[in-house]
Amino acid sequence: MKTKDTFKVIGLFLLVTWLIYSVFIKDNTEDKGYTSLPPLSSSAEAEVISPLTETVKTNKYTDAEMAKYSDSFRKVIEQQIDKKTMSGKQSIQRIDYSDDMLTAELVTDGNSLFGPDLIRSSVYLDSTNIFKSIYGKGKAFPDVTLKWHAVFRDAKGRSTIEPIITIELSEENARTFNWDDFLFIRLPEAVDTYTEYAIFKNLDQQQRK
C-alpha cells in the first residue's frame, strides 16, 4: 500500500470514530444527566427567607402631650372628689399614662361597712362626673381608666385598701355619649370595660344573704 493511501485510510478511520462517539456515546451520556448540573441560582433562590413584617402601633398623642393631659387629668379628679376619704386615706393614689391611656388609681369614700350598693353608687357618680368634665365639651382627650379601691376592715378592726371596680372609657366611645342626659347608674353598660373584683363580689354576696 502506498503512503498516500495509508493516510487516507487513517483519516477515514478517525472520521468514523468521531461520528460514532458523537452519535452514540456523547448523546447517551447527556441523556442520563452525567454532564449536566442544576443551575446554582435555583438552589440559591430556595434558601431565600422572606423578612418578618412587624406591626408598629402609632400613638395618637406624643409623650409630651400625654404628660400635659396627665396634669389636666389630676386637676379634674381633684375637683370632683375629696382630697381624702372619711377614713383619712388619700383619694388619689396614683396617676400614670401609657401609650394613649391615662390611668388613675383612686380610693372611694365608701368602705366595706357601707355595703356594696352604696359603694357602687358612689363610684358610678364620681366616675361619671370625671368623665363628663373630661369629654363633655367634645375636646380631644386620651382614653381613661379609673381603678377604684375601697377600705375593708376585718373582724379585728384591721383595714386594708383593696381594688373593687375598674372602668375603662375610650375617647372614641366617649364622643357618642349625651352627657347632659346621661344617668350615672347606666355607666357599667355604656363604657368600654367594666370589671368588679372578687373581694367586692364576695362582699355583695355576704350582704345579700
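What you are looking at is a predicted structure, and each value in this text was computed from that prediction instead of being measured.
Side-chain contact between Leu187 and Leu125: absent, with no pair of heavy atoms (C-beta onward) separated by less than 4.5 Å. Between Tyr61 and Asp99, every side-chain heavy-atom pair lies at or beyond the 4.5 Å cut-off. For the pair Gln93/Leu106, no side-chain contact is recorded, criterion being any heavy-atom separation below 4.5 Å from C-beta on. Side-chain atoms of His149 and Glu105, non-hydrogen and from C-beta on, do get closer than 4.5 Å to each other. Side-chain atoms of Trp179 and Phe131, non-hydrogen and from C-beta on, do get closer than 4.5 Å to each other.
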Enumerate donor-acceptor pairs with a distance under 3.5 Å from any side-chain N or O in residues 155-163 to protein atoms, sequence neighbours excluded.
unit_1	atom_1	unit_2	atom_2	d
Arg158	NE	Asp154	OD2	2.8
Arg158	NH2	Asp154	OD2	3.0
Thr160	OG1	Glu162	OE2	3.2

Derivation and outcome, side-chain contact (heavy atoms from CB on, under 4.5 Å), residues Ser127 and Phe184: CA-CA 8 Å; Ser127 298; Phe184 69 91; over 6 Å; no

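Counted by atom type alone, Ser170 and Asn173 present zero donor-acceptor pairs between their side chains at under 3.5 Å. Side chains of Ser91 and Thr85: a donor-acceptor N/O pair is absent below 3.5 angstrom, by distance only. Looking at Tyr194 and Thr166, their side chains never bring a donor and an acceptor atom within 3.5 Å of each other.
Pairs passing the side-chain hydrogen bond (donor to acceptor under 3.5 Å, both in side chains) check and including a residue from residues 131-147, sequence neighbours excluded, read Gln80-Ser133. Sequence neighbours left out, the pairs with a member in residues 175-185 that pass salt bridge (Lys or Arg N to Asp or Glu O under 4.0 Å) are Glu171-Arg175. Within the structure, salt bridge (Lys or Arg N to Asp or Glu O under 4.0 Å) contacts touching residues 185-195 (residues at least two apart or in different chains) are Arg186-Glu189.
With sequence neighbours left out, Tyr97 forms a ring pair (Phe, Tyr, Trp, His ring centres under 6.0 Å) with no residue at all. Qualifying side-chain contact (heavy atoms from CB on, under 4.5 Å) partners for Ile95, counting only residues two or more places apart in sequence or in other chains: Ser70, Phe73, Arg74, Ile77, Ile92, Ala104.
A donor-acceptor pair under 3.5 Å links the side-chain atoms of Glu65 to the main chain of Thr62, judged by distance alone. A donor-acceptor contact shorter than 3.5 Å is absent between the side chain of Ser122 and the backbone of Leu118.
Using a cutoff of 4.0 Å between basic side-chain nitrogens and carboxylate oxygens, Asp117 and Arg120 are scored as salt-bridged.
Between the CG atom in Asn59 and the CE atom in Met101 there is a gap of 11.5 Å [rounded to 0.5 Å].
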